[in-house]
Amino acid sequence: MRHWLMKSEPDAYSLEQLRLDGVTGWEGVRNYTARNLMRDQMSVGDRVLFYHSSTAIPGVAGLARVTRTGLADPSQFQPKSPYFDPKATPDNPRWIMVEIGFVEAFKRFVPLSELRTEAALEGLMVLQRGARLSVQPAAPEHFAHICRLGQSQHHTLQEAT
DNA sequence: GCCAACGTTGGC
DNA sequence: GCCAACGTTGGC
């Protein structure tokens, strides 16, 4: 099982919305590195830190998990979508996504500013300068540490991995 | 294949 | 709103 951090602008799609929806297709990623991670590296059951970006207080809001993989992002076929890709066809989709499911909202939202103060998180990709990738791998120990900061109810489960 | 120009991301 | 970092585009 791998661990990830996935960014979303809460104005566009928040963890709260995922809680309401239960699951959602991770549409709209148009970066090849992020696509390749979703397509080639993600497996059902992988754990996801749900990160809120481009907001007043960016940070990790809670947890999700990968529930399906290898799905064609439907927005690439929709001419009216901002994510429309005229070169993509249903027979030969260019943008492959995963579906993720809600796990929990952290008891404590963990702001980026706090992540930056944690020596244990040295090397976490989201803390690197210019780390714009919207789907990032996270080391298991970094993942577990952030779960502790957030007072995750899945704490013991994380430590067991 | 190089690289300058441009667009986007995202923290601040 | 600013701006640094990065990815993509397109001329050559």
Counting only pairs under 3.5 Å, give me each side-chain donor-acceptor contact of residues 53-70 of chain A, with atom names and distances, residues two or more places apart or in other chains.
| unit_1 | atom_1 | unit_2 | atom_2 | d |
| --- | --- | --- | --- | --- |
| A:T67 | OG1 | A:E99 | O | 3.1 |
| A:T67 | OG1 | A:E99 | OE1 | 2.6 |

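Atoms CZ and CG, on A:R132 and A:N31 in that order, are 8.0 Å from each other to the nearest 0.5 Å.
Contact check on A:E118 versus A:R148 returns no salt bridge, with no Lys/Arg side-chain nitrogen under 4.0 Å from an Asp/Glu carboxylate oxygen.
A:W95 forms part of a hydrophobic cluster together with A:Y32, judged by ILVMFWY side-chain heavy-atom separations under 4.5 Å.
For the residue pair A:D91 / A:T89, no side-chain donor-acceptor distance below 3.5 Å is found, with atom types taken as modelled.
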Given protein heavy atoms under 4.0 Å, the one-letter contact record of nucleotides 7-12 of chain B, with B base, S sugar-phosphate only and - none, is simply BBBBSS
